[in-house]
Structures are given as structure tokens and as C-alpha cells.
Amino acid sequence: MIVFLGGIATSFTPCILGMIPLIIGYTGGYAGRSPGKGFIYSLFFVLGLATTLTLLGVGIGVLGTFIKSRLFAFNFILGIVAILMGLAVMGLYTISLPGLKRMPVKGTGLFSSYLMGLFFGLSASPCATPVLIVIVTYALAKASPLFGGALLFSYSFGHGLPLILAGTFSAFLGKITSLGRYGEIINYIFGGILILYGLYLLFGQVF
């Protein structure tokens, strides 16, 4: 549930909000003025995103089973990672990973929406990457393919929920993009949460 809520929170960061109209143009935009079709197209996009991230979670879980015995004091490591990623969310430094510059799939239909979701899951958003790194590190520590897959599946559906709503209800799109003006505040709040989480882990390990 926490990871699901974290996925929702990262959807309201500036770089994600800026991409929602573009995504809707390729998914919900196909559906014209029909809320039902907009919902289906947006849902298939999110299912593609969830497929990629769930497979990543399963792979990380498998990797964790091989190195679990060597993960000493992992809460301490996870705490450090969480603090560093919180600072990244706040903008103190950036993590330069490949991002989605344009949609790699052209065409209409449910399958195209699903493929675009797959490619979107492979790209790294500057806002979502720090949170994903914390989640992936946590999944690695748990060393369970099933848990890792479920963790990333929950995150991806939380991350895609605002997109589904925007693709279904055109009025919601205007409301959600208007939150961009609060982008810096949102980043500081979410980054602060990650830092507090990291300090909590470190405090438990040291004391």
C-alpha cells in the first residue's frame, strides 16, 4: 500500500505532469469524446507499464536470492540510499539516466497503447527514478521474486492511476496539469519523506 501511494505521489511531480498530455494524446486521445474508450486505452498503457516494472521486480527478487547471504546490515544501506534519493528528488543533484524523449510506437488501438506502456516502463523519468531506486533496493533485500514483482506492480498502478483518470475524464486532465505550479513544493515534500525514512532506518541500526 505504501508503494502504491508512492506511485501516486510520483505522478504529481513536475516532469511526470508535463508528460501526461502527451501520453493522453497517444492513448486516451484515440478514444475521442468517449470516457469508456478513454479508460480502456489508458488502462492498456498502464498495463504495459506494469508489465515492464513487474518483470524488473521479479528479476531483482531472483538476484536477491543469490546474494542474500552477503547483504549484511542492509537496512543501513537502504537508509543511505533513501537519503541520497530524497536529496535527488529535492533537486540538490540529478541522476542522469535515459528518459522518454518521444513515443517510440506509432499507430492506434489497444495493442499500440500497451506497447507504448512497455517502452515507457523502460525509460527513466528524472522524477520517478530516485523512488524506483529505493523500491528496487528494498526488493533486492527481500530476495523474493514474488514480492519484488508485487512491489513493482503496485507502484506502477499507483503511478498510472492519475493517467487513467486523465484519459477517462477530460476535465480531470486540466485539474491534474494545473498542479504543476506546486511542483517544487511537491518535490520537497516527497524528498523529505524519503529522507525521514532513511533516517529512521539509520537510527534503528545505529542505536
Side-chain angles (χ1 to χ4, degrees), residues 1-17 19 46 49-100 120-162 182-207:
M1 181 58 69
I2 292 175
V3 170
F4 175 76
L5 294 174
I8 294 176
T10 56
S11 293
F12 291 99
T13 50
C15 54
I16 301 298
L17 287 176
M19 296 186 69
V46 174
L49 170 67
T51 299
T52 301
L53 293 184
T54 300
L55 291 176
L56 171 65
V58 171
I60 290 296
V62 172
L63 178 63
T65 60
F66 288 101
I67 62 176
K68 185 176 182 180
S69 60
R70 301 182 181 183
L71 298 179
F72 60 92
F74 202 84
N75 278 354
F76 183 83
I77 298 173
L78 181 56
I80 295 294
V81 170
I83 292 173
L84 291 176
M85 294 306 102
L87 294 174
V89 170
M90 288 182 171
L92 272 71
Y93 65 94
T94 58
I95 301 176
S96 300
L97 291 176
L100 189 66
F120 188 77
L122 291 171
S123 69
S125 162
C127 295
T129 298
V131 179
L132 274 174
I133 289 175
V134 174
I135 295 173
V136 166
T137 306
Y138 182 66
L140 182 68
K142 290 297 183 181
S144 168
L146 180 61
F147 181 79
L151 207 64
L152 271 295
F153 181 84
S154 299
Y155 170 81
S156 55
F157 260 86
H159 194 60
L161 182 59
Y182 306 110
E184 187 174 348
I185 297 175
I186 294 173
N187 280 346
Y188 272 97
I189 291 175
F190 202 65
I193 292 173
L194 286 178
I195 291 173
L196 289 175
Y197 174 60
L199 290 174
Y200 168 76
L201 293 173
L202 290 179
F203 182 83
Q205 288 297 305
V206 175
F207 298 100

Review point. Hey, are the side chains of Y197 and I83 touching, using non-hydrogen atoms and a 4.5 Å cut-off?
Key: no
Check your understanding: What is the minimum heavy-atom distance between P162 and S11, and which atoms define it?
Key -> CG-CB, 3.6 Å
Exercise for review: Please tell me if the side chains of Y155 and T10 come closer than 4.5 Å, counting only heavy atoms from C-beta onward.
Suggested key: yes
Point to revise | Check: V81 and I133 side chains under 4.5 Å, non-hydrogen atoms | key: yes
Review point. Of the options T51, L49, L55, which is the one that meets L53 in a side chain to side chain contact (heavy atoms under 4.5 Å, CB included)?
Key: L49
Review point. Do other residues, nucleotides or ligands put more than 12 heavy atoms under 6.0 Å from I80 CD1?
Key: yes
Review point. Are L132 and L152 close enough, and set up right, to give a side-chain contact (heavy atoms from CB on, under 4.5 Å), and what steps lead you there?
Key: CA-CA 9 Å; L132 274 174; L152 271 295; 3.7 Å; yes
**Study point:** Heavy-atom side-chain proximity of I195 to M90 below 4.5 angstrom
**Key:** yes
Point to revise | Set of side-chain contact (heavy atoms from CB on, under 4.5 Å) partners for S144, sequence neighbours left out | key: L146, F147
Check your understanding: Looking at L151 and A139, what are the two nearest heavy atoms and their distance?
Key -> CD2-CB, 4.0 Å
**Study point:** Set of side-chain contact (heavy atoms from CB on, under 4.5 Å) partners for L5, sequence neighbours left out
**Key:** M1, I8
**Study point:** Residue pair V3 / Y138, side-chain heavy-atom distance below 4.5 Å
**Key:** no
Practice item. Could you list the residues that satisfy ring-ring contact (aromatic ring centres under 6.0 Å, His included) with F157, not counting sequence neighbours? Key: F153
